[in-house]
Every structure is written in C-alpha cells, then in structure tokens.
Amino acid sequence: MGQEIVRREPLLTGPAAAYRSTFAPSAPEPVPGEPLPPGWEGIYFPFDAAFADLRPDGSPGADGTVPDPGLPRRMYAGEDTRFLRPLCYGDTVEQRTALGAVTRKRGRAGELVFADIERSYLVDGAVAVTSTWHDVFLPASDPAAAPADVPAGEAEQWDWSRRATLDSRQLFRYSALTFNTHRVHYDRAWAQDVEGLPDLLVHGPLMRMLLLDFATLSLPGRTVREFSVRSVSPAFVDRPVTLVGREDADGVRVRALDADHRVLARGRVRTDTL
C-alpha cells in the first residue's frame with residue numbers, strides 16, 4: 001500500500017489564467033480572493049514523478065501512491081468530486097493523497113487493474129474539496145488489433161449543448177499545465193504506431209473540466225456540490241465533440257458526444273437547489 005502524500009501549494013492566478021485563455025474564455029478572470037470555478041483544483045498540484053520513475057509511455061510509474069501492478073499502460077477512467085467549500089485564489093492549500101481501493105479484473109484485452117486515488121484539499125485545516133480519481137492499468141496494446149466498439153449514440157433531447165474541437169496546441173498546453181508526460185497526448189508517432197490509436201488522445205481530466213465548465217455555465221446562480229464523471233470512449237484531437245446536458249429529478253446529466261452522437265464521457269452534477 002502506498003503512503004499518504006502531503007503537498008502544499010498557493011493557488012496562484014497564473015495556472016488558472018492559462019487554462020482560461022486556452023479553454024474557458026467566458027469564465028471569470030482569476031482575481032486574488034475570488035473563488036476558483038469548481039473542478040479547477042485539477043490544474044494545481046501537477047504531476048511530480050521523477051523522470052526515472054516514468055513508464056516508457058510517459059505515465060507515472062512509481063509515484064509513491066499506487067504500487068506497480070505489473071502492467072505497462074495507465075489511463076484515467078473517471079473521478080468523483082465533492083465541493084464542500086470554495087477554494088480561493090491566494091489560498092495556501094494542503095493536498096493529501098492516498099491509495100483507495102484496488103481491484104483486479106479480466107477484460108477483452110487481458111488482465112486489468114483498477115486503482116482509486118483519494119485526494120483531499122484543505123485550507124487552514126478544513127477540508128474544501130474531496131476527490132476520488134479512478135485509474136485503470138492495462139496490458140500492452142496491439143497496434144494491429146481491431147478498435148474497441150464504441151457504444152451506440154444516445155437518441156435523447158438535451159436542454160443545453162455546445163460544440164468544441166480540440167487541436168494539438170490545446171492538448172500540448174494542458175499537458176504542460178499539468179506536467180503530464182503521457183505520450184498519447186502529444187507524440188503522434190507513439191499514439192499511432194505503439195498504442196494503435198488513430199491520433200492524439202484528449203486527456204480524460206481535461207474532458208472532466210470541460211464538462212464541469214459547461215455545466216457551470218449552463219446553471220447560472222447555482223453552486224455545484226458534487227460531480228461524477230466516467231470515461232466511456234476515447235476522444236481524439238481535431239474531432240468535434242458536442243457537450244450536452246439536461247436537468248432531471250436526480251440532478252444534472254452531462255455528456256460528451258462524438259460526431260455520431262456516441263458517448264465519450266458521461267457525468268452527473270448535483271447543485272444546491274434554488
């Protein structure tokens with residue numbers, strides 16, 4: 001089992017300004033003392049694995065939290081976050097990270113290991129945000145293998161929608177902002193020739209932030225309290241993605257859909273009631 005890792009960092013406006021200018025120009029400009037939009041804690045506390053501890057694909061190997069499961073690939077599978085109180089620009093935040101549940105399963109490609117990483121963000125000893133990050137470890141990919149089936153499109157009506165297409169400059173900026181060295185996001189030769197992907201892969205945590213930004217913009221005056229997201233299918237550079245959402249009795253449902261309305265990621269938002 002990995003040990004709890006404690007890091008401290010001031011929430012400077014620079015990282016948020018860089019994210020805003022690249023992905024969310026309609027979000028409020030970062031100002032000291034003002035609250036971060038929900039989910040933007042994800043651009044702070046960037047990856048800090050030593051270079052010697054990176055896997056060949058650039059993902060963290062020995063990171064002090066998750067034991068090496070003996071599988072060469074590591075991917076983001078989703079996240080569950082609770083927002084208990086605002087984090088504000090200028091706050092000095094303590095992040096605590098520990099290993100949660102670890103589960104071994106067998107899939108179409110062989111053995112899989114699912115690992116939960118538990119994070120909490122504290123200000124002056126009080127917990128402001130908690131998050132469970134879900135990672136999956138996979139066997140080596142076969143570039144010649146047939147691509148996995150993508151779930152059929154959802155024939156549903158949505159209350160809100162917004163279209164986005166992410167290019168390689170944006171993927172590079174997000175990798176730089178979060179110190180993410182996973183090569184599938186910036187090394188096209190690796191993505192195609194080694195991983196067997198059609199092109200560069202959009203970051204799962206970036207898709208989480210885009211969905212949460214979309215939900216926040218669609219719900220003016222509401223305070224987000226919980227957000228859960230699951231990656232369903234890969235999203236690729238230069239391919240249009242449509243963000244959609246609607247409110248129902250259990251909260252707000254959001255989806256990222258491809259050009260054929262097939263689900264790339266699904267999320268659920270819960271807010272304070274009006």
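Computed over heavy atoms, backbone and side chain alike; hydrogens, waters and symmetry mates excluded.
Between the side chains of N180 and T178, no donor N or O sits under 3.5 Å from an acceptor N or O. In the model, E41 has no side-chain atom that pairs as donor or acceptor with a side-chain atom of Y121 under 3.5 Å. When only modelled atom types and interatomic distance are considered, D80 and S228 share a side-chain donor-acceptor pair under 3.5 Å. Using modelled atom types and a 3.5 Å distance limit, the side chains of T22 and Q170 yield no donor-acceptor pair. For the residue pair D213/W40, the side-chain donor-acceptor check at 3.5 Å is satisfied.
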**OP:** Applying side chain to side chain contact (heavy atoms under 4.5 Å, CB included), run through S168 and L200 and close with a yes or a no.
**Re:** CA-CA 8 Å; S168 59; L200 298 175; 4.1 Å; yes
**OP:** Evaluate the criterion side chain to side chain donor-acceptor pair (under 3.5 Å) for residue pair S59 and R74; output intermediate values, then yes/no.
**Re:** CA-CA 7 Å; S59 64; R74 180 176 183 173; over 6 Å; no
Original post:
How far apart are the C-alpha atoms of L84 and V127, what are their side-chain angles, what is the distance that settles it, and do they pass the side chain to side chain contact (heavy atoms under 4.5 Å, CB included) test?
Top reply: CA-CA 7 Å; L84 306 177; V127 177; 3.8 Å; yes
**OP:** Would you check, one step at a time, whether the test side chain to side chain contact (heavy atoms under 4.5 Å, CB included) holds for D116 with L99?
**Re:** CA-CA 6 Å; D116 289 349; L99 181 65; over 6 Å; no
**OP:** Give the C-alpha distance, both sets of side-chain angles, the deciding distance and a yes or no for side chain to side chain contact (heavy atoms under 4.5 Å, CB included) between L264 and L257.
**Re:** CA-CA 5 Å; L264 304 172; L257 307 176; 6.0 Å; no
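Side chain of Q192 to main chain of L197: no donor-acceptor pair is present (N/O by atom type, distance under 3.5 Å, no hydrogens or angles). Remark: the backbone N or O of V269 is not paired with any side-chain donor or acceptor of R253 at under 3.5 angstrom. Panel note: side chain E118, backbone A98; no donor-acceptor pair is recorded below 3.5 Å. Looking only at distances, no side-chain donor or acceptor of D193 sits under 3.5 Å from a matching main-chain atom of G196. Here the side chain of R55 pairs a donor or acceptor atom with the backbone of P60 at under 3.5 angstrom. Checking side-chain atoms of H185 against main-chain N and O of L201 turns up a donor-acceptor pair under 3.5 Å. Checking side-chain atoms of D187 against main-chain N and O of V184 turns up no donor-acceptor pair under 3.5 Å. Remark: side-chain polar atoms of R20 are paired, donor with acceptor, to backbone N or O of A27 under 3.5 angstrom. With hydrogens and angles ignored, the 3.5 Å screen pairs a side-chain donor or acceptor of D159 with a backbone N or O of E247.
With hydrophobic clusters built from ILVMFWY side chains whose heavy atoms lie under 4.5 angstrom apart, L217 does not share a cluster with F83. V93 is not connected to L122 by any chain of hydrophobic side-chain contacts under 4.5 Å among Ile, Leu, Val, Met, Phe, Trp and Tyr, and they are in different clusters. Taking hydrophobic clusters as Ile, Leu, Val, Met, Phe, Trp and Tyr residues chained together by side-chain heavy-atom distances below 4.5 Å, Y44 does not share a cluster with I5. Taken together through direct or relayed side-chain contacts under 4.5 Å among Ile, Leu, Val, Met, Phe, Trp and Tyr, V102 and Y76 form part of one hydrophobic cluster. Under a hydrophobic clustering in which Ile, Leu, Val, Met, Phe, Trp and Tyr are joined whenever their side-chain heavy atoms come within less than 4.5 Å, directly or via other members, I43 and Y186 fall into different clusters.
Residue R163 places its CZ atom among 12 or fewer non-hydrogen atoms of other residues, nucleotides or ligands, all under 6.0 Å distant. Within 6.0 Å of CZ on R82 lie no more than 12 heavy atoms contributed by other residues, nucleotides or ligands.
Closest of all the heavy-atom pairs between Y89 and P35 is CE1-O, 3.8 Å. In terms of heavy-atom proximity, Y19 sits nearest to L177 at CB-CD2, 3.8 Å. Contact detail for A215 and V254: the closest heavy-atom pair is CB-CG1, 4.1 Å. Across all their heavy atoms, P205 and W133 have their closest contact at CG-CH2, 3.6 Å. Here the closest non-hydrogen pair linking L219 and T271 is CD1-CG2, 4.0 Å. Between T103 and K105, the closest heavy-atom pair is CG2-CE, 3.9 Å.
Put simply, CG on D124 and OG1 on T92 are 8.5 Å apart, with the number rounded to the nearest 0.5 Å. Atom-to-atom distance recorded for L206:CG and L166:CG is 6.0 Å, nearest 0.5 angstrom. Considering CE of M207 and OG of S231, their distance stands at 8.0 Å, rounded to 0.5 Å. For the atom pair CZ (R239) and OG1 (T165), the distance works out to 11.5 Å, reported to the nearest 0.5 Å. Rounding to the nearest 0.5 angstrom, the gap separating the CG atom in L112 from the CZ atom in F114 is 5.0 Å. Taking CZ of R183 as the reference point, atom CD of E195 lies at 9.5 Å (rounded to 0.5 Å).
Salt bridge status for D199 with R188: present, with a side-chain N to carboxylate O gap under 4.0 Å. By the 4.0 Å N-to-carboxylate-O rule, D272 lies close enough to R225 to be salt-bridged with it. No salt bridge links R96 with E4; every basic N to acidic carboxylate O contact stays at or beyond 4.0 Å. Salt bridge annotation for R106-E111: absent, with no cationic side-chain nitrogen under 4.0 angstrom from a carboxylate oxygen. With respect to R262 and D260, a salt bridge is recorded, a charged nitrogen being found less than 4.0 Å from a carboxylate O.
Here the side chains of P56 and W190 are in contact, with some heavy-atom distance below 4.5 Å. Looking only at side-chain heavy atoms (C-beta outward), V224 and T216 come within less than 4.5 Å of each other. Using a 4.5 Å cut-off on side-chain heavy atoms (C-beta onward), I117 and T132 make no contact. Using a 4.5 Å cut-off on side-chain heavy atoms (C-beta onward), E79 and R230 make no contact. Taking 4.5 Å as the limit, some side-chain heavy atom of D167 sits within range of a side-chain heavy atom of D238. Here the side chains of P240 and D258 are not in contact, with every heavy-atom distance at 4.5 Å or above. You'll find the side chain of F23 reaches within 4.5 Å of the side chain of Y174, heavy atoms only. In this structure the side chain of P198 reaches within 4.5 angstrom of the side chain of F236, judged on heavy atoms.
When each of E226, R119, R208 is tested with T81 by the rule side-chain hydrogen bond (donor to acceptor under 3.5 Å, both in side chains), just one qualifies, namely R208.
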